[in-house]
Number of protein chains: 2
Amino acid sequence: MASDQTRTAILVAAERLYADRGFSEVTLRDIVAEANVNLAAVNYHFGSKDELIAELFVTRSIALNRERLRDLRAAEDSGGGRADIHAILRALVGPILRGCLGPENQRSAVARFMIRASIESVPPIRRIKNKEIDHLRKFAAAMKRALPDRSEVELFWGLHFALAMAHHTIRESERLTKLSDGRCDLDDVEDVIARVVRSAALGLTASETAAKSPARLSARETR
Amino acid sequence: MASDQTRTAILVAAERLYADRGFSEVTLRDIVAEANVNLAAVNYHFGSKDELIAELFVTRSIALNRERLRDLRAAEDSGGGRADIHAILRALVGPILRGCLGPENQRSAVARFMIRASIESVPPIRRIKNKEIDHLRKFAAAMKRALPDRSEVELFWGLHFALAMAHHTIRESERLTKLSDGRCDLDDVEDVIARVVRSAALGLTASETAAKSPARLSARETR
DNA sequence: GTCTATAGAATGATAGAC
DNA sequence: GTCTATCATTCTATAGAC
């Protein structure tokens, strides 16, 4: 049972250090020093540095996905099995944005770790992300119920763009703040969520005819 | 002058290997073997592994930014100093999407390198990206000329979301293909560009009143 | 100036004693 | 399960040949 103590100590120390400094800047020796355990303990309990990162990320991803699905179910239940498209998109992007944005000092080690995982795309994390497709399919299905007249291709693109805006906002929050001289307020998380949801929903509900306009031929004379 | 040969050989080999395997999977020894030069030559010509990556990325970024600005100028010139918002957004996201999407076998080592740079966000590349703000300001200014009635905050968010959709599509193209069972065609680059431009422009031109709706209070009972 | 050979410091991983 | 000692590999730095 002493094993569990060591194991947990490593996980806690690793998450804190990765959140603060990033994956590439933290060595196994840093982690074992912070956790007050032996260097070989990491390899014994997790197998490798990559598997340690993977375990951390899997744990946090499961919690995030559970939160998303709870919000989605709540939205569909309150709509009698068919949720509003805004509520669906809000369930998709709300939890991750709430965890990763907001005033600096309020962000937990958990959220800061997830930001790192989003920014520094290391191999073990990429492998896990590729398995999230089943989870996303549940949202695609809910969107189909909300907008039965939309083609599935359009729905997939809308889902994709919603995630794009949410993740990019997390990844590049610093740049957006600088670019706008602080006028874009990234600490107002609910405002950010509303913007992402509104923008993604607009693309899904606006008249489709504009999509195939010949505008694509303008402004290009070379190549 | 033999220096230039060695230098160039290192750059060519490094770009090819990084494009194929990713930054974390390629060692300096792999690069010097591919380039048929000595290990220390890398340090002599570039100082460190990070500076080699930085030089590669800077070169490619400059070329990309030049292409973007050329498209932007062309759009503004043909509109008498005020371009259509669609043309501006197209100049912003078109060049990078054309370089990084399209049929697998048509993607050059250059484009594949830029994809890697976009996916595996290593420290030297992050540092450079943070300096791109001046470049983006030129697009923000053009957007202000195109939509003088829009608040600057809205314009910055629109610019940000356009980049979000473009970059996320490059990063997660594989996942979108799998999620949609191949129904979202990422080889049709001009269609992807049209979708991104349309979606971003919609958010900027649609009636603003919806942005601050009370919908943000729905579907959340906990936390 | 240009490049090579070689040494140094640090990292992830492992074998084997306890 | 835990720990010490050690390995192979990596990036970096430098002395000195051409």
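Naming convention: chains lettered A, B, ... in sequence-line order (proteins, then strands); numbering from 1 in each chain.
Between B:Ile10 atom CD1 and C:dT2 atom P there is a gap of 13 Å when expressed in whole angstrom units. The CG-P distance, from B:Asn38 to D:dC18, rounds to 14 Å in whole Å. In this entry the distance linking CD of A:Glu25 with C1' of C:dT11 reads 13 Å, nearest Å. One interatomic measurement links the two molecules: CG of B:Asn36 to P of C:dC3, which rounds to 14 Å at whole-angstrom precision. One interatomic measurement links the two molecules: CZ of B:Arg7 to P of C:dT2, which rounds to 11 Å at whole-angstrom precision. The nearest whole Å value for the distance from the CZ atom in A:Phe46 to the P atom in C:dT14 is 16 Å. Rounded to whole Å, the distance from CG on B:Asp4 to C1' on C:dC3 is 15 Å.
Not counting sequence neighbours, the partners of B:Arg145 by the side-chain hydrogen bond (donor to acceptor under 3.5 Å, both in side chains) test are B:Glu76. When the salt bridge (Lys or Arg N to Asp or Glu O under 4.0 Å) test is applied to A:Glu55, the partners found at least two apart in sequence or on another chain are A:Arg7.
In terms of phosphate contacts, B:Thr6 brings a side-chain nitrogen or oxygen within less than 4.0 Å of OP1 or OP2 of C:dC3. Contact between the side-chain N/O atoms of B:Tyr44 and the OP1/OP2 oxygens of C:dC3 is not found at any separation under 4.0 Å.
Under the 4.0 Å criterion applied to side-chain N and carboxylate O atoms, A:Asp71 and A:Arg90 are not assigned as salt-bridge partners.
Looking at heavy-atom distances under 4.0 Å, B:Ala40 makes contact with a base.
Ring planes of B:His135 and B:Phe139: perpendicular class, angle over 60° (limits at 30 and 60°). Classification of the A:His168-B:His167 ring pair by plane angle, with boundaries at 30° and 60°, yields perpendicular.
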Extract from the structure each pairing of a protein N or O with an N or O of nucleotides 8-11 of chain D at less than 3.5 Å, listing the distance.
unit_1 : atom_1 : unit_2  : atom_2 : d
D:dC11 : OP1    : B:Leu28 : N      : 3.3
D:dC11 : OP1    : B:Lys49 : NZ     : 3.3
D:dC11 : OP2    : B:Leu28 : N      : 3.1
D:dC11 : N4     : B:Arg29 : NH2    : 3.0

Would A:Asp30 and A:Arg21 count as a salt bridge (charged side-chain N to carboxylate O under 4.0 Å, His left out) if you check the C-alpha gap in whole Å, the side-chain angles of each, and the deciding distance to 0.1 Å?
CA-CA 11 Å; A:Asp30 294 334; A:Arg21 300 187 222 156; 3.4 Å; yes
